[in-house]
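In each ligand, atom 1 is the first atom listed, and ligand 1 is the first ligand listed.
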Amino acid sequence: MSKLLSCSKKMGNRKGLLLITLFLNFFGFSSPKLDVSQFPSSFLFGTATSSYQIEGAYLEDNKSLSNWDVFTHLQGKIEDGSNGDIACDHYHMYKEDIELMHSLGVNAYRFSISWSRVLPRGRFGGINPSGIQFYNKLINELLMRGIQPFVTLSHYDVPQELEDQYGAWLNAEIQEDFGYFAEVCFEAYGDRVKYWATFNEPNEVAKFGYEWGMYPPALHSQPYVAAHNIIISHAVALHIYRTKYQDKQRGLIGIVLAMAWYEPLKETAEDYSSAQSIIDFDIGWFLDPLIYGDYPNEMRRRLGPKLPKFSAKDKEKLQHGLDFIGINHYTSLYVRSCGISHCIAVEKDGIPIGKKTPMPYYYVVPEGMEKIVTYISKTYNNTPIFITENGLSQKSDDSSSVEELLNDTDRIEYLDSYLTFLTRAIRKGADVRGYFVWSLIDNFEWIHGYTMRFGLYHVDYKTKKRTPKLSAKWFKDFLNAPRLQGREDEKSKLI
Ligand SMILES: *[C@@H]1O[C@H](CO)[C@@H](O)[C@H](O)[C@H]1NC(C)=O
Ligand SMILES: *[C@@H]1O[C@H](CO)[C@@H](O)[C@H](O)[C@H]1NC(C)=O
């Protein structure tokens, strides 16, 4: 096989490579080499970021403090003691960042709107014209470059005022606040924004903020109440979009969840049911109510009265379904049953599930991409899917050299292999509409501060200079390769 491949390289033409690839496929030897032609021509390829992680300007132009502004300023919360006060200074450098995207050749950009920039006091104060204006400038500049804005309304940050006034996600009042925020955004930007995600990773917000205490408000109680209010807040925003805006604005609205793939450790009934249980608790937790109207039975059975109930009125709001499901996928983990609970493992017989990465519990397992996408597609009626995040971190401290960080061959390998397994899910019938690399530029990685770098572009945090890594060049070459026209016809002719 390697002989054939090196021979194809010497032939140095596409047709030769295609012939050999087809030969190998025909005999079931390998997946075809990754090629942009394997994706539909309408497919969105983009990069992703979020407001708190890149914008900075944390008190500029009448923005108020968000829960993350307050949290990062508490001692000992962030690994390197840093915060997002300045971050990548994207607020002032957005034009340059759009230029980077334009040079990559992406046709979409996923970003989030800072709630406290647009509505500094939530619904208790006015709309901030400077906040509205910033995203107008961003959106217009993107469209001028042929880049579709893909907007997340809530990517972790909430105005601190809502936390102080009533406890944010723990209080049903937030449903009204979120609905108001969503409507302000639909009204201001919906004429140009055709992709809306209500929430980013609410499953992590609820777990990390209200169970494990690593994210604000750093509590160890009531994750199910927080999640319940998020689900209904989502439904309220969806109801507003469906009934007042969608007809004339013609966009799509969905939600984005963090989705690891959970692999049973052993081929036993116990481990399979444990893996399913964890999937129900992590993903079904949000998608079952939004698509089927209620929590998974498994959650009801295990949690009993700790799991809130949807009232008849809530259920009415949950009737609107989802236009798409956003999947943030990075890793797979093993699951085994242990007593009445389930345990996560990262090794089987001493062998790790994949190559370890600098992020705790993140391993390189490209097959997981095919598995999670296929599972979501089959479980949720083939709802359209966007891969809203996928990427690899680099550990960075004072000892890392910039040259090393720029030569990110492992990131190229990661993206290539995950995209290859994505094409397999698409060939099996999943309706996948887009893929976003996390992230455009290195940025503030939450509790890890600036010690984890996910960017296609390196950021020097002192000078704010952006420098393309090798992966940026790879992504650009991938996106700009000529599409193989009539590939399918050619295949049947050749065989
Ligand atoms: C900030 O708010 C004040 C008071 O409403 C207003 O006078 C000022 O123009 C605002 N500044 C900006 C940059 O929006
Ligand atoms: C980049 O890294 C690869 C392997 O990771 C190495 O073979 C290559 O020499 C490096 N290139 C540079 C310019 O450092």
Lys/Arg-Asp/Glu bridge criterion (N-O < 4.0 Å) met for [X], [Y]:
X	Y	value
R466	D89	no
E99	R145	yes
K371	E263	yes
E367	R424	no

For Y91, give me all partners under side chain to side chain donor-acceptor pair (under 3.5 Å), at least two apart in sequence or on another chain. D61
Quick check: do E445 and M359 have side-chain heavy atoms less than 4.5 Å from each other? yes
Enumerated ligand 2 atoms positioned under 4.0 Å from heavy atoms of N407: 1 (C), 2 (O), 3 (C), 8 (C), 10 (C), 11 (N), 12 (C), 14 (O)
Can you name the atoms of ligand 2, numbered from 1 with element, that are less than 4.0 Å from a heavy atom of T409? 4 (C), 5 (O)
Of D408, L405, I441, the one forming a side-chain contact (heavy atoms from CB on, under 4.5 Å) with R453 is L405
Using a 4.0 Å cut-off on heavy atoms, what residues surround ligand 1? Order them by chain and number. D61, N62, S130
